[in-house]
Each structure stands twice: as structure tokens, then as C-alpha cells.
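These notes concern the structure reproduced below.
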Protein chains: 2
Amino acid sequence: MSRAAEDPEVAAAGTRPGPAAPGRRGRPRSAAADSAIIEAVLRLIEDGVSIGDLSMERIAREAGVGKATVYRRWPGKSALMLDVMRSLDAQGPRLDGASVRDDLVSLLEFLRRRGLARRSSALLRTVVAHVQTQPELWAEYHDTVVRGRHEALLDVLRRGMANGEIRTDRDPETLADLFVGPLLARALLHEWKELPEGFAADVVDMVLEGVRPGPRAAAG
Amino acid sequence: MSRAAEDPEVAAAGTRPGPAAPGRRGRPRSAAADSAIIEAVLRLIEDGVSIGDLSMERIAREAGVGKATVYRRWPGKSALMLDVMRSLDAQGPRLDGASVRDDLVSLLEFLRRRGLARRSSALLRTVVAHVQTQPELWAEYHDTVVRGRHEALLDVLRRGMANGEIRTDRDPETLADLFVGPLLARALLHEWKELPEGFAADVVDMVLEGVRPGPRAAAG
DNA sequence: GGCTTTCGATACGGATCCGTTCCGTATCGA
DNA sequence: TCGATACGGAACGGATCCGTATCGAAAGCC
């Protein structure tokens, strides 16, 4: 529980009460235990504990659960971590589609408020650190969290290129990095808390208009 | 040894043969052991081993050194890691200062080729992941590697603002993130090898001119 | 009420690590 | 040559972890 409400990136831990077969006999698995375990992992990661320092014993302790209850659901830490990634909520913002510029601001503002908030940024740092040793973990995180937002951003950019609002002589992927990169740099390298308000709109306007002075400096 | 020559970010491990007092008696400490240990840590991190999975035993094994030899120099893993950070070489590129645009390209090109190469990016990912639990580690890395480059970038930007080549209505720190962020996003989120050639110049020109189409799209 | 499965808790053998200590050898200053 | 210190290697007691097993209690089906 605790801070989950403040950081909706990781809201829905999802119930996975094991193979809830209809003809199942005996005491059913506790859905509360499932979410308690996943929530415990997220809480530990949020506190900066790296995956290497995450032991199954510690997870069970933090979740207030017996170790056997964890092993009854997952064969090991890797499998558990994969399900933790799958539990993340990566819903994006609604775009009204009126202005390309406004949609870009909405996307980046959403990223600023949720995607790079305390827990989410800790998660990102932790997962990224294990890219080489556990590529499946990054793959799962990417599929669950990154992919959707990236596609949404590319859609807006392509719309702008069709509109004539965005130059068409560059790769959309590169353009996407121009918008996302600055937020990422701030969140990972400088700030550990929420990025300043207005930062998203600032970045969008500067990337659109360029940092050279001139008539264009007034954002359209 | 090994790949150090390919990635000059981590060239000079520096000799720290303990308190090499002049009146020191007995067999002197081996400078080779010093660099073997530090080099072993860097090699392990390069292979994706996170700090949590780095044990003193494993480090000594990898370095081909007795465990006591490690503990004779450092009281524990934290102190060793700090010296590993201090051993990094963060020399920047020479800037001819003719054009702000060219200096920016030089800085980002240097970052692409060295600062975000294989070993350096693995190091960055690992250190960033432990920001919360070991802030001193990040502080040391920042002082040794990041600060100098950041200052150099700010200098160029301020020169451009005085020149009239860069708009003056924004914080130089924010401007810096616009240039560095896209490379960072690529290196940390997408590519695990070297970034494509020409990427640095592309980013500089697009940030300078903006991504809107028009007469300015031709880089000056 | 029986049967089955899960629950938290505890304990297990085996493994790894920590930080220290000791070994026999190597390498320095005096 | 002698005393001092460092070397790689091995072992130590204590701690933590892994994955499994077992316990009595709880919670479902039939």
C-alpha cells in the first residue's frame, strides 16, 4: 500500500491467484498474498535496493509472508521479477489531437508527473542497470511500460510530419529522442524528485523552435 | 589491461601504492596489484555485474590477487568503489572555439565515442542505479567524470548566449539537457553499443534549428 | 464432517560471502 | 645477513541466502 496512490505508474499490481481452475479443491490461494509480494518488491526497489541485494527471504519478510508462499507462486527471483514488470500500469494520457504541439506537451507532462516520479524512476534505474545480465527483464519492462508511450509519441510525430508541422528529413526515432532525452537526463542524472513544473512544455517548445534566437523564439 | 586501450574513459587506473613513506621498511606494496584490483572491478561492471553482486572474494579472484591484498588497501567494498570512481579518466575534447555549433558537435561527438561507449555506459548505468543507497558513490563519479564535461558544455552555451548565437531567455542548465539528453536516451534505453556516426552532429543541428520545417532547416 | 490445499513460521543442508588470521615465500631497507 | 612488510593462498567463525521440508492452523470444496 503506502505510496502507491501517489504514483499511479505502479497502481495495479494485478491479481494472479495462481491457476484458479474451477474444479480446484482445498484452500484457494490468497490474492492478497500475491499483491503483497509484488508490492513489497516495488517498495524495496523504490528504496533503492538493487536486484542483486534483493533476496527472496527479504522479499517475503517485507511482504509479511512465508517464504514458501513465494516459492509456491514463482520458481525463483527472475520469474518473480518478470511478473513484477508485468504488473506495472503504463496507461498513457488522452490526446485530443488538436495540436501536435499540445499533444507533445501532454505526453511529456505525463512522463514528468508519472513516468519519472519517485518510484518509477527508481524502477527504471534498477532495470536499466541489469540490461546486460538479465535482458529478459528489460524486455518485459520495455514491452509493458516503454513501448506504448514510445508508439504514441511516434504517432504524434508522424502526424506532424504529414501536417507539415514537423520536418520530414529526419528519422522519427531520432526526433523522439530529442523530446524524451532531456527529461530523462534530468530525472536520471540530476533530480531525484519530481521535475519542475513547466519543464515539459519548455522542452517541447525549444525543440520545436530551436535554441537559436530570432522571430521563431516565440512559441507558436 | 585487456580492453582499456579501446575505451580511454577508463584508461589511467592511477597508482596508489599505499603510504609510500620514504622511511618505509619491508617489501613495498605492489602498484600492479592496485591497478589489477581496480581494473578487475571495472571489468566486472563492464560485464553487467551490479554492485550488489560484486563480492570482495569475486573481485580478488578476478584480479588474481589474495583477498588480504585487497583488505590491506581498502577497509571495505564502499571505499574500494570510491577509489574506482576516482581512477576514471574524464579528459574532455579540445575545443577550437571558432564556432559554437562546432564546439557543441565536438563535445557531443566525444560523448558518443567515449563517454557512452561500452564500458563507460555500463559504469554509468551501474552507478546511477545506486544513487539512493550510496549517494557518495554517485557524488564521486559526478565529480570525476560528469562535472568537467558539464562545465565545458555550459561554457560553450554561455559563449553562444553572449555571441547572440543562442537564445538567452532560458536557463543554460536546461539548454544543456537538450543537447545531452538525446544521446543519453539512446545509450541507456535503446543502444548497448556505440551510437551511430553523425548522431552527435544531427542532434546539435536539430536542437539549434528546431524540428519545425522552414528556411532554418538548413543548418547554419 | 472429511479431504485437500494454502497459510505463516521454523528449520534444514549446502552455498557464498565477510573480515580476519595464518602460512610459506618474496622483496625491500638497514 | 636480518628484520620488516607484502605477496598469493588457504582456512576460520559468523552471517546470509537458496530452495525444500515440515509443522499446526485456516479455509475452501464435497
Filtered N/O pairs between nucleotides 3-5 of chain C and protein, under 3.5 Å:
unit_1 : atom_1 : unit_2 : atom_2 : d
dT5(C) : O2     : R27(A) : N      : 3.1

Taking only distance into account, with no hydrogens and no angle test, what donor-acceptor pairs under 3.5 Å do side-chain atoms of residues 151-160 of chain A form with protein atoms, sequence neighbours excluded?
unit_1  : atom_1 : unit_2  : atom_2 : d
D155(A) : OD1    : R158(A) : NH2    : 3.3
R159(A) : NH1    : D103(A) : OD2    : 3.0
R159(A) : NH2    : G97(A)  : O      : 3.4
R159(A) : NH2    : D103(A) : OD2    : 3.1

Is there any protein nitrogen or oxygen under 3.5 Å from a nitrogen or oxygen in nucleotides 15-19 of chain D, and what are the pairs?
unit_1  : atom_1 : unit_2 : atom_2 : d
dC17(D) : OP1    : S55(A) : OG     : 3.4
dC17(D) : OP2    : R61(A) : NH2    : 3.3
dC18(D) : OP1    : M56(A) : N      : 3.0
dC18(D) : OP2    : M56(A) : N      : 2.9
dC18(D) : OP2    : E57(A) : N      : 3.2
dG19(D) : OP2    : Y71(A) : OH     : 2.7
dG19(D) : N7     : K67(A) : NZ     : 3.1
dG19(D) : O6     : K67(A) : NZ     : 2.6

How would DNA chain C look in dot-bracket form, 5' to 3', counting Watson-Crick and G-U wobble pairs with both distances under 3.5 Å and writing | for bases paired to another strand?
-> ||||||||||||||||||||||||||||||

Sequence-distant partners of [X], side chain to side chain donor-acceptor pair (under 3.5 Å), two or more places apart:
X	result
R147(A)	D143(A)
E62(A)	R43(A)
T174(A)	R186(B)
H142(B)	none

Results of side chain to side chain contact (heavy atoms under 4.5 Å, CB included) for [X] - residues two or more places apart only:
X	answer
A129(B)	A129(A)
T144(B)	L88(B), E140(B)
A68(A)	R72(A)
E57(A)	S55(A), R61(A), K67(A)

OP1, OP2 of dT6(C) versus side-chain N and O of S30(A): anything below 4.0 Å?
->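 Answer no for this pair, as no side-chain N or O of S30(A) is under 4.0 Å from OP1 or OP2.
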
Can we say R29(B) and D34(B) salt-bridge, meaning some charged N sits less than 4.0 Å from an Asp/Glu carboxylate O?
-> no

